[in-house]
Amino acid sequence: MSSVKDWAVPNPVSENRSGIIGKNVDRYEGRLKVTGTAPYAYEVEPPSAPAYGQAVSATIARGRIVAIDTSAALASPGVKLVWTSENVPKQAARGERANPRSQRASNPAMGSDAVEFYGQTIAFVAADTLENAKAAAALINVTYDTQPATVDFLASLDQAEMPPGEDDTEIGDFSTGYRESSVKLDETYFSPIANHTQMEPCATTAWWEGDKVTVHTSIQMVKGGQHALAETLAIPSDKVHLITRYIGGGFGGKGQSYDDLTLAALAARELNQPVKVAYTRQQMFQATIHRPAVQMRVRLGAEADGRLNAFSIEAITHCARNVPFTEHAANFSRSLYASPNRLTGHRLVRMDLPGAGPMRAPGEATGMLSLECAMDELAEKLGLDPIELRIRNEPTVDPETGKPFSVRQLVSCMREGAQRFGWERRNPLPGKVQDGRWLVGIGMAAGIRGNFLLPAKAGIRITADGTVTLSQGMTDIGTGTYTILAQITAETLGVPLDQVRVELGDSDMPPAPGSGGQFGAATAGSAAFETGMVMRRTLAEMATGDPNSPLFGVDPTLVTFANGNIALENRSESLSTLIERVQPEGVYVEGSISPAADARDWSQHTYGAQFAEVGVDVVTGEVRLRRMFGVFAAGRILNAKTAKSQITGGMIWGIGTALTETNPIDPRYGSFLNQDMAGYLVPSHADIVNVDSMFLDEVDDKANPLGIKGVGELGICGTGAAIANAIYNACGVRLRDYPMTPDKVLKGLIAKGL
Amino acid sequence: MKPFTYERPKDIASAIKAMRANPAAKFLAGGTNLLDLMKSEIEHPPHLVDIGRLPLATIETTRDGGLRIGAMTTNTQVASDARVRSLYPVLAQAIVSGGSAQLRNKATTGGNLMQRTRCAYFYDTAKPCNKRLPGSGCAALGGLNRNSAIFGTSEACIATNPSDMGVALAVLDARIETLTAEGATRSLAVADMHRLPGDTPEIETELAAGELITSVVIPPAPVGGQVYRKVRDRASYAGALVSVAAVAGRVAWGGVALKPWRAEKTEAALAAGMGIPEAVGAELATAEPRGPNSFKITLIGRLTAAALDETLAGRRA
């Protein structure tokens with residue numbers, strides 16, 4: 001096993017001789033996307049004319065299908081097949097895993113007549129056109145035996161249980177420490193259900209050739225999707241060719257496959273014809289995973305100087321009855337602030353809802369909504385500046401594990417942000433700044449998000465014309481993965497960027513874990529780098545061993561790569577000349593990355609500080625963002641442009657969390673109220689004014705050979721709390737119930753006599 | 001989506017004739033609402049009569065100094081018209097607070113008045129809705145009805161009318177001019193065009209089958225300030241929680257009823273010399289909240305008082 005020490009030696013990326021690393025590089029696939037010519041899964045042209053599928057969703061939360069009348073649908077124009085649980089082709093039972101190495105188990109569609117959530121697929125129609133399929137689907141008549149369902153989270157808190165295999169984490173003696181603290185805070189915060197709301201719905205185009213199925217689908221994890229479909233169809237995974245080239249947003253919601261994948265494959269086999277299936281916008285809300293609601297009790301006990309003596313977050317959340325998942329809203333806090341006495345833990349309510357699951361910064365995004373407000377409240381109780389309070393509780397080592405930090409620039413983020421944002425202009429007394437009908441306030445919050453490296457492989461081919469092609473079973477969910485992989489490959493091999501091609505999202509390619517958990521760039525990028533290093537060694541051996549090369553006979557470890565050439569001092573030749581002469585069919589190598597054996601000897605995170613200025617309409621309680629600034633420390637930045645887009649996009653996500661996003665469950669039906677983008681409110685352009693961000697210089701040499709870390713989720717961490725704190729500073733209304741809509745703010749204004 | 005037929009008549013007479021020939025047909029104008037409703041299986045017209053190219057897209061000054069706005073003018077065209085902006089700023093403000101720029105570029109004056117409610121239960125075909133399926137019930141009653149109406153509701157429907165433009169037109173005493181299926185013309189106050197739900201929430205306007213809105217006529221601009229204020233959950237592309245149009249002692253509300261709501265008791269009280277808070281309270285006393293939407297009473301009261309303050313100060317904010 002390798003050690004992180006191996007990563008500290010200089011390498012082509014850290015030396016960055018061509019200067020490609022860190023540059024503002026336009027998106028590799030940007031032109032295709034903005035011209036509408038990047039084929040997304042539903043748009044891929046199959047080898048022959050396709051049929052179109054439409055899933056029918058359950059309209060009860062729990063029960064059984066007693067009868068289902070499909071006669072009208074079958075007689076509807078253009079209909080090719082109608083399936084229910086009674087006649088859908090046989091699939092492996094849910095959770096079955098014939099191949100123990102499969103990353104995902106079987107996930108059958110319409111596996112039984114039981115309904116476990118509102119929106120579950122209970123029937124499926126395929127027709128010659130999408131319109132005919134939809135019209136027929138609307139004619140299916142279902143009779144249910146409805147059973148009582150648990151769908152109201154706040155009314156079901158008494159059913160909360162310890163999540164399977166977990167325990168509370170206690171360090172020191174929290175209750176004594178809390179009791180003996182001179183200043184105490186004990187508040188409860190609520191963050192509601194949120195939907196991923198990807199622009200592109202889940203969609204699949206499938207066709208068969210013999211016993212092998214090709215599926216173009218929208219999924220974040222190539223192997224996960226391939227294995228799930230193989231297990232469900234009970235076929236070997238090498239009989240599933242899964243392709244996912246372009247993905248219109250995932251955010252964790254496409255970390256798994258849904259019935260569009262299974263039903264497209266099954267119907268294509270049945271009809272002996274390609275089949276396209278997409279979820280409707282309504283099904284995206286009702287029938288895919290969501291971020292669960294979380295109720296968080298925060299208790300802080302501090303000494304008069306601000307030092308925390310006791311610290312606790314207890315989070316209650318929920319998941320689907322048969323699909324365990326815990327939104328770990330307390331975990332992030334275990335590495336954030338120093339305190340000798342600490343208690344954190346989670347409880348889980350099993351509910352009859354669609355699966356709760358990961359959404360961008362699962363745990364952190366919700367958890368920081370509570371603690372980072374509580375710190376603001378505690379600062380006020382102590383008469384301390386909120387930044388100063390955080391600095392006084394800055395730990396020197398990880399406060400729970402005692403491990404050293406790999407690199408931690410949280411305090412620098414806060415100080416840099418305070419200076420650039422103009423924090424010193426903040427009046428610590430709320431409600432003192434007015435601009436016309438707007439009360440204006442400033443708030444801040446800290447952010448922390450873990451960093452990970454997973455095993456991954458990659459392949460690089462160089463052809464005789466000098467074209468370098470990186471191929472990897474990785475995905476780009478809109479983040480810039482194509483682009484950064486091209487940069488890493490170009491810099492590692494010393495070739496111009498426009499000589500590099502990147503091919504992703506294919507199960508035939510060397511596997512990478514995909515996009516999620518902020519591990520994508522570090523994992524896929526490190527594999528690409530290591531593969532580039534294999535290629536360098538291969539080419540060096542090739543040149544120095546070839547009597548016709550100007551490099552013949554020199555020490556292969558001394559040759560350099562730059563400008564598309566392999567060289568040693570004044571002897572050089574181009575890669576294309578070398579390959580055309582020695583191996584005209586091209587050179588292909590694979591490489592891989594694995595976590596270092598000692599990687600977990602360090603506490604390793606990304607950090608940020610978020611600053612927000614809001615206006616609160618003193619008449620209506622409307623909150624409008626005026627400006628927002630974030631300072632982040634996340635290792636070496638590969639591409640200033642795509643990294644900034646991602647981190648600022650995360651901040652924008654957090655603005656929605658703070659101000660608009662929620663999807664209440666109608667307790668009578670167990671369904672979401674909002675099922676389109678006119679009802680489920682994410683920020684519009686007009687909501688986002690003057691949002692900016694910057695990265696601090698950083699290299700984390702404990703992270704991976706590139707010294708990089710993830711930026712996909714950090715931008716959300718703390719955003720909502722910074723806005724909540726700004727609202728308080730603006731008008732003196734302290735809300736602990738997200739999102740902070742006008743009705744809630746107005747109630748607070750009235751209570752204050754405003 | 002159900003199959004349908006489509007025609008695009010060249011003149012108004014042909015459009016009216018087409019509707020007479022097919023009483024279940026619908027006029028298609030900008031399509032920003034109807035096409036969505038068809039795709040969502042909420043409307044199923046067998047035939048569409050596309051009036052998009054009828055010569056109804058001009059804005060003329062009337063002899064008395066008001067404006068006649070063709071039914072097929074776009075929302076963007078009306079909101080950016082110099083006469084509208086100078087004489088009726090309340091209308092321009094209301095229009096640009098609605099939808100999004102893309103929608104306003106397509107949406108028309110007539111279509112805006114004909115748009116249907118955004119009640120989430122109306123859009124959810126799996127739920128009862130008397131408007132969508134008469135007799136099926138109202139899921140919003142006793143449901144998640146933070147956004148529903150507080151005036152003029154019934155046990156059959158508590159939905160709201162989503163138009164911002166309509167609220168401004170109502171306060172300006174604007175009238176629609178129509179052509180009936182029989183070819184007769186008539187005129188109707190915008191404030192009287194929409195029906196309250198009663199027992200028949202599926203019947204939304206006083207227009208007869210096949211009747212075409214040809215124009216909206218606004219009387220000369222009243223003296224004094226004009227204000228449109230809209231409260232919403234986000235800064236753009238969101239329906240009003242509540243909105244208010246205030247002009248010359250007249251007040252109309254949006255987001256509180258199934259029609260643009262003229263606060264007549266408030267107007268009468270103001271005319272009688274009552275103070276603003278009392279005058280606003282006179283209308284609010286008749287509100288019928290249903291739990292989650294009760295905040296609208298306080299909100300519209302505060303908003304109206306602020307808007308009246310602004311207009312009475314003579315400012316055109």
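Below, read A as the first sequence line, B as the second, and so on, with proteins coming before strands; counting in each chain starts at 1. In this text, all values refer to a predicted model and were calculated from it rather than measured experimentally.
- Interface remark: of the candidates A:Gly679, A:Ala678, A:Ser684, A:Ala138, A:Ser684 forms the most heavy-atom pairs closer than 4.5 Å to chain B.
- At a 4.5 Å heavy-atom cutoff, the contact between B:Arg232 and chain A is made by backbone and side-chain atoms alike.
- Atoms CG and CD, on B:Asp124 and A:Gln286 in that order, are 6.5 Å from each other to the nearest 0.5 Å.
- With chain B as the partner, the residue from A:Pro739, A:Ala136, A:Ala135 showing the most heavy-atom pairs under 4.5 Å is A:Ala135.
- Looking at A:Arg281, there are no atoms closer than 4.5 Å to chain B (heavy atoms on both sides), in backbone or side chain.
- Only the backbone of A:Ile665 comes within less than 4.5 Å of a heavy atom of chain B; no side-chain atom from C-beta onward does.
- The distance from atom OG of B:Ser236 to atom CD1 of A:Ile688, rounded to the nearest 0.5 Å, is 11.5 Å.
- In this structure, no portion of A:Val623 lies under 4.5 Å from any heavy atom of chain B.
- Considering only heavy-atom pairs separated by less than 4.5 Å from chain B, the leading option among A:Val619, A:Val682, A:Leu625 is A:Val619.
- For B:Leu241, the part sitting under 4.5 Å from any heavy atom of chain A is the side chain, from C-beta outward, and nothing else.
- With a 4.5 Å cut-off on non-hydrogen atoms, A:Thr59 touches chain B through its side chain but not through its backbone.
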task: Apply side chain to side chain contact (heavy atoms under 4.5 Å, CB included) to B:Arg229 and A:Thr620, showing your working.
output: CA-CA 10 Å; B:Arg229 289 276 301 272; A:Thr620 65; 4.0 Å; yes
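- Residue contact with chain B, scored on non-hydrogen atoms closer than 4.5 Å, involves the backbone of A:Met677 exclusively.
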- request: Assess whether side chain to side chain contact (heavy atoms under 4.5 Å, CB included) is satisfied between B:Arg302 and A:Leu746, documenting all intermediate values.
  value: CA-CA 10 Å; B:Arg302 289 165 71 98; A:Leu746 180 63; 3.3 Å; yes
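- Residue contact with chain B, scored on non-hydrogen atoms closer than 4.5 Å, involves the backbone and the side chain of A:Leu673 alike.
- Residue contact with chain B, scored on non-hydrogen atoms closer than 4.5 Å, involves the backbone and the side chain of A:Glu131 alike.
- Of the residues considered (A:Lys134, A:Gln675, A:His685, A:Glu622), A:Glu622 shows the highest number of contacts with chain B, using heavy-atom pairs under 4.5 Å.
- With hydrogens and angles disregarded, no donor-acceptor distance shorter than 3.5 Å links the side chain of B:Arg234 to the backbone of A:Pro683.
- Panel note: side chain B:Asp233, backbone A:Thr660; no donor-acceptor pair is recorded below 3.5 Å.
- With a 4.5 Å cut-off on non-hydrogen atoms, B:Lys127 touches chain A through its side chain but not through its backbone.
- For the residue pair B:Tyr123 and A:Asp676, the shortest heavy atom distance occurs at CD2-OD2, 4.4 Å.
- In this structure, the portion of A:Asp617 lying under 4.5 Å from any heavy atom of chain B is its side chain and not its backbone.
- Only the backbone of A:Val618 comes within less than 4.5 Å of a heavy atom of chain B; no side-chain atom from C-beta onward does.
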query: Where do B:Tyr237 and A:Leu681 land on the side chain to side chain contact (heavy atoms under 4.5 Å, CB included) test, with the steps shown first?
result: CA-CA 9 Å; B:Tyr237 191 44; A:Leu681 302 185; over 6 Å; no
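- Atom CG of residue B:Leu144 and atom OH of residue A:Tyr669 lie 10.0 Å apart, to the nearest 0.5 angstrom.
- For a residue to count as touching a neighbouring chain, one of its non-hydrogen atoms must lie under 4.5 Å from one of that chain's; by this rule B:Ala139 touches chain A with backbone and side chain alike.
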